[in-house]
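Each remark here refers to the structure printed beneath this line.
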Amino acid sequence: MKLSELTRRQWMKNVGIGLGAASVGLGVGNQDAKADFVTKKVAQRGTEYTGAEATPCKLVDGKILRPAAEIPTISETDVLIVGAGPAGCCAAIAAARAGVKVTLVERYNHFGGLATGGLVVHILGHWTTDANGKKVQVVQGIGEEMMKRLEGMPNGICNREFGRNPTLDSEVYKYLLVEMLTEANVEIFLHSWAIDSIIDDNPDAKTGNPVVKGVLIQTKLGPHAILAKQTVDCTGDGDVFATCGCAYTRRMYHIGLPCRLGNVDKIKQVEGVKIPRHLLGDITPVKGVRWVNMNGPDADGLDVRDLTRLELNHRKQIWKNYMTLKNTPGCEEVFLLETAPQMGVRITRVIEGTEEMTLEDAKAGKVYDSCVGYGGAWGGDHIGWQIPYGCLLSKNVENILTAGRSICGAPSMSELLRVYPNCWSSGHSAGVAAAVCVLNNTTARDADLKEVRRILKEQNAYLG
């Protein structure tokens with residue numbers, strides 16, 4: 001008799017398991033939670049490998065050398081977006097709506113970047129104050145569409161009133177991004193790290209600069225190539241533009257690790273006890289759940305030793321704070337719900353563009369002929385600022401743009417560039433610009449900005 005033909009009772013008898021023991025260990029009688037090892041099909045034998053197919057690196061005279069190998073092409077596309085954080089998702093949706101084929105690559109298993117995996121759920125930076133002292137929402141377009149859709153979803157967003165800074169739920173936002181990206185027919189590769197860029201063997205005839213033709217991604221089956229007419233680096237860390245020869249600066253800044261607490265609504269005030277409310281963070285759309293931000297020290301967000309050290313230290317600090325709460329009378333039911341899967345890296349690489357923004361220019365309301373976007377202030381406490389196209393554009397490499405915290409800005413702009421409403425704005429701009437270049441068969445440097453602005457306005461973006 002084949003194993004697949006055995007009944008449950010026969011199988012238990014053969015392996016010496018009594019029915020009484022099975023009822024406890026295997027959940028017999030509980031049809032919703034049974035472990036049925038009999039009727040499940042066995043895995044297919046699969047493809048066998050001898051090992052000769054492997055091409056490991058070689059240690060030669062104390063040096064590690066990687067052998068040359070042909071890379072298989074997994075996709076060819078019009079616009080390739082690398083990094084599916086707030087900027088990358090907006091870029092992908094915008095480009096797809098403009099009428100080109102879009103491919104989106106993300107290293108994690110979800111979309112949203114630090115807004116989801118980083119638990120940075122507070123939406124700062126989409127308000128400004130006009131000359132009459134009134135609040136104006138300057139980040140609109142796809143970002144505003146996302147917030148409106150979150151309003152219609154259970155526990156999607158709270159504090160969504162005019163002039164306030166809302167808070168979203170990271171899990172709801174993850175789902176919403178799946179909906180919006182699949183609605184736009186974006187080709188998606190998750191679990192894929194960008195490890196290198198692909199450069200045309202011939203430089204650009206007009207500028208003599210290298211021309212980006214795509215990206216290499218690392219997957220469980222090894223490296224694969226994605227060829228593209230235009231590439232947009234939305235990794236936040238400039239992982240693509242750093243490999244293709246773009247000039248950039250590398251910065252250190254605060255690195256933290258947010259977390260979420262549960263049952264905060266069950267805290268009871270005990271007479272004579274001071275509750276450490278600074279450890280309770282801020283509200284979220286979910287009752288009894290609060291998120292706790294962490295600034296962290298300045299460190300190198302590209303250095304694996306720094307990242308590892310901080311990850312360990314931050315988890316110790318989070319647990320210490322949690323124990324302080326837990327041992328406070330009245331706070332016994334509070335529990336640590338979640339620590340962020342992603343470290344809260346705020347800024348690392350910043351591209352050297354053909355134009356640079358400064359905080360002084362932003363606060364002075366500098367006007368750019370090349371304006372393709374608009375940004376706001378943290379609390380709407382000053383006027384808005386234009387985003388010039390040159391901040392997205394590499395000064396020395398062709399057909400690569402960037403969006404998000406890595407666009408060209410002075411160190412003083414870091415706080416404004418990194419908050420994700422402003423990443424929505426620059427991502428929206430980069431996606432439309434890349435699509436226009438594909439449709440017009442031009443380089444990114446020669447983008448028709450009049451057409452870019454027309455499509456952005458058609459997609460409800462605010463340009464001042």
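Just so you know, residue 1 is the first one in the sequence shown, and it goes up from there.
- Between atom SG of residue Cys259 and atom CD of residue Glu338 there is a gap of 9.0 Å, rounded to the nearest 0.5 Å.
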Criterion side chain to side chain donor-acceptor pair (under 3.5 Å) on Asp298 and His254, from CA distance to verdict
CA-CA 4 Å; Asp298 285 359; His254 316 324; 2.6 Å; yes
Between Cys158 and Thr284, does the side chain to side chain contact (heavy atoms under 4.5 Å, CB included) criterion hold? Intermediate values first, please.
CA-CA 7 Å; Cys158 64; Thr284 73; 5.7 Å; no
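- The list of salt bridge (Lys or Arg N to Asp or Glu O under 4.0 Å) pairs with a residue in residues 406-428, not counting sequence neighbours, reads Glu415-Arg418.
- Side chains of Cys246 and Ile400 form a contact here, defined as non-hydrogen atoms less than 4.5 Å apart.
- A salt bridge links Arg454 to Glu451: at least one charged side-chain nitrogen sits closer than 4.0 Å to a carboxylate oxygen.
- Between the side chains of Thr116 and Ser170, no donor-acceptor pair of N or O atoms lies under 3.5 Å.
- The pair Arg149-Glu183 meets the salt-bridge criterion, with a side-chain N (NZ, NE, NH1 or NH2) lying under 4.0 Å from an Asp/Glu carboxylate O.
- Going from atom CG of Leu307 over to atom NE2 of His314 covers 9.5 Å, rounded to the nearest 0.5 Å.
- Asp169 and Arg260 are joined by a salt bridge, as a carboxylate oxygen and a charged side-chain nitrogen come within less than 4.0 angstrom of each other.
- Only one option out of Cys408, Ser406, Ser370 pairs with Cys391 in a side-chain contact (heavy atoms from CB on, under 4.5 Å); it is Cys408.
- Side-chain atoms of Arg290 come within 3.5 Å of backbone N or O of Gly281 as a donor-acceptor pair.
- Partner of Trp127 under the ring-ring contact (aromatic ring centres under 6.0 Å, His included) criterion, chosen from Tyr374, Phe162, Tyr462: Phe162.
- Not a single donor-acceptor pair under 3.5 Å links the side chain of Gln386 to the backbone N or O of Cys371.
- Side chains of Asn440 and Thr442: a donor-acceptor N/O pair is absent below 3.5 angstrom, by distance only.
- The two atoms that bring Gly83 and Cys234 nearest to each other are O-CB, 3.6 Å, heavy atoms only.
- Closest approach of Gly143 to Cys90, counting heavy atoms only: N-SG, 4.2 Å.
- Checked by atom type and distance alone, the side chain of Thr129 pairs as donor or acceptor with a backbone atom of Gly380 at under 3.5 Å.
- The side-chain heavy atoms of Leu65 and Cys57, taken from C-beta on, include no pair separated by under 4.5 Å.
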Give the C-alpha distance, both sets of side-chain angles, the deciding distance and a yes or no for side chain to side chain contact (heavy atoms under 4.5 Å, CB included) between Leu176 and Met153.
CA-CA 9 Å; Leu176 173 62; Met153 304 173 74; 4.1 Å; yes
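- Scanning both residues, Thr128 and Gly376, for their nearest heavy atoms gives CG2-CA, 3.5 Å.
- For the pair Thr77 (side chain) and Leu80 (backbone), a donor-acceptor distance under 3.5 Å is absent.
- Classified by interplanar angle (parallel below 30°, tilted 30° to 60°, perpendicular above 60°), the ring pair Trp291/His122 is tilted.
- Here Lys148 does not pair with Glu145 in a salt bridge; the nearest charged N to carboxylate O distance is not below 4.0 Å.
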For Val121 and Tyr173, run side chain to side chain contact (heavy atoms under 4.5 Å, CB included): C-alpha distance rounded to whole Å, both residues' side-chain angles, the deciding distance at 0.1 Å, then the answer.
CA-CA 10 Å; Val121 294; Tyr173 191 39; over 6 Å; no
Begin with the C-alpha distance, continue with both residues' side-chain angles, and end with the deciding distance and a verdict on side chain to side chain contact (heavy atoms under 4.5 Å, CB included) for Val105 and Val215.
CA-CA 10 Å; Val105 170; Val215 165; over 6 Å; no
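- In the model, Thr348 has a side-chain atom that pairs as donor or acceptor with a side-chain atom of Asp237 under 3.5 Å.
- Looking at every heavy atom in both residues, Ala95 comes nearest to Val102 through CB-CG2, 3.6 Å.
- Between Ile347 atom CD1 and Ile255 atom CD1 the span is 11.5 Å, to the nearest 0.5 Å.
- For the pair Asp300 and Arg250, the salt-bridge criterion is met [side-chain N within less than 4.0 Å of a carboxylate O].
- Ion pairing of Lys366 with Glu356 is absent here, as no side-chain N (NZ or NE/NH1/NH2) approaches a carboxylate O to less than 4.0 Å.
- For the pair Arg305 and Asp303, the tightest heavy-atom approach, listed with the atom from each and the gap, is N-OD1, 2.8 Å.
- For the pair Asn422 (side chain) and Leu416 (backbone), a donor-acceptor distance under 3.5 Å is present.
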With salt bridge (charged side-chain N to carboxylate O under 4.0 Å, His left out) as the criterion, how do Lys135 and Asp130 come out once you've worked through the C-alpha distance, each side chain's angles and the decisive distance to 0.1 Å?
CA-CA 6 Å; Lys135 290 284 182 73; Asp130 66 13; over 6 Å; no
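- Smallest separation of non-hydrogen atoms from Ala430 and Thr402: CB-O, 4.3 Å.
- Surrounding CD1 of Ile64 are at most 12 heavy atoms belonging to other residues, nucleotides or ligands under 6.0 Å away.
- Note that the CD1 atom of Ile71 and the CG atom of Asp196 stand 9.0 Å from one another [nearest 0.5 Å].
- Separation of atoms CG (Leu393) and CG (Leu401) is listed at 6.0 Å; rounding is to 0.5 Å.
- Remark: side-chain polar atoms of Arg405 are paired, donor with acceptor, to backbone N or O of Val345 under 3.5 angstrom.
- With hydrogens and angles left out, the side-chain atoms of Glu106 and Ser192 include no donor and acceptor closer than 3.5 Å.
- Side-chain contact, Asn399 with Gln230: a donor N or O sits under 3.5 Å from an acceptor N or O.
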Let's go through Gln342 and His110 carefully: what are the C-alpha distance in whole Å and the side-chain angles of both, what is the deciding distance for side chain to side chain donor-acceptor pair (under 3.5 Å) to 0.1 Å, and is it a yes or a no?
CA-CA 11 Å; Gln342 296 175 225; His110 61 270; 3.2 Å; yes
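- Side-chain N/O atoms of Asn321 and Gln317 include a donor and acceptor closer than 3.5 Å.
- Using a cut-off of 4.0 Å between Lys/Arg side-chain N and Asp/Glu carboxylate O, Lys229 and Asp78 are scored as salt-bridged.
- Put simply, the residue from Leu104, Ile74, Val82 that forms a side-chain contact (heavy atoms from CB on, under 4.5 Å) with Phe189 is Ile74.
- Taking CD1 from Ile407 and OH from Tyr389, the interatomic distance works out to 12.5 Å, rounded to the nearest 0.5 Å.
- Other residues, nucleotides and ligands contribute more than 12 heavy atoms inside 6.0 Å of the OH atom of Tyr108.
- Side chain of Arg346 to main chain of Asn295: a donor-acceptor pair is present (N/O by atom type, distance under 3.5 Å, no hydrogens or angles).
- Partners of Asn396 under the side-chain hydrogen bond (donor to acceptor under 3.5 Å, both in side chains) rule, at least two apart in sequence or in another chain, are Ser394.
- With a 4.5 Å cut-off on side-chain heavy atoms, Trp193 and Ile217 do not count as touching.
- Between Thr243 and Ser197, the side chains place a donor N or O and an acceptor N or O closer than 3.5 Å (distance only, hydrogens not considered).
- Remark: the Glu398 side chain and the Thr207 side chain contain an N/O donor-acceptor pair separated by less than 3.5 Å.
- With Glu355 contributing its side chain and Gly390 its backbone, the two residues share a donor-acceptor pair below 3.5 Å.
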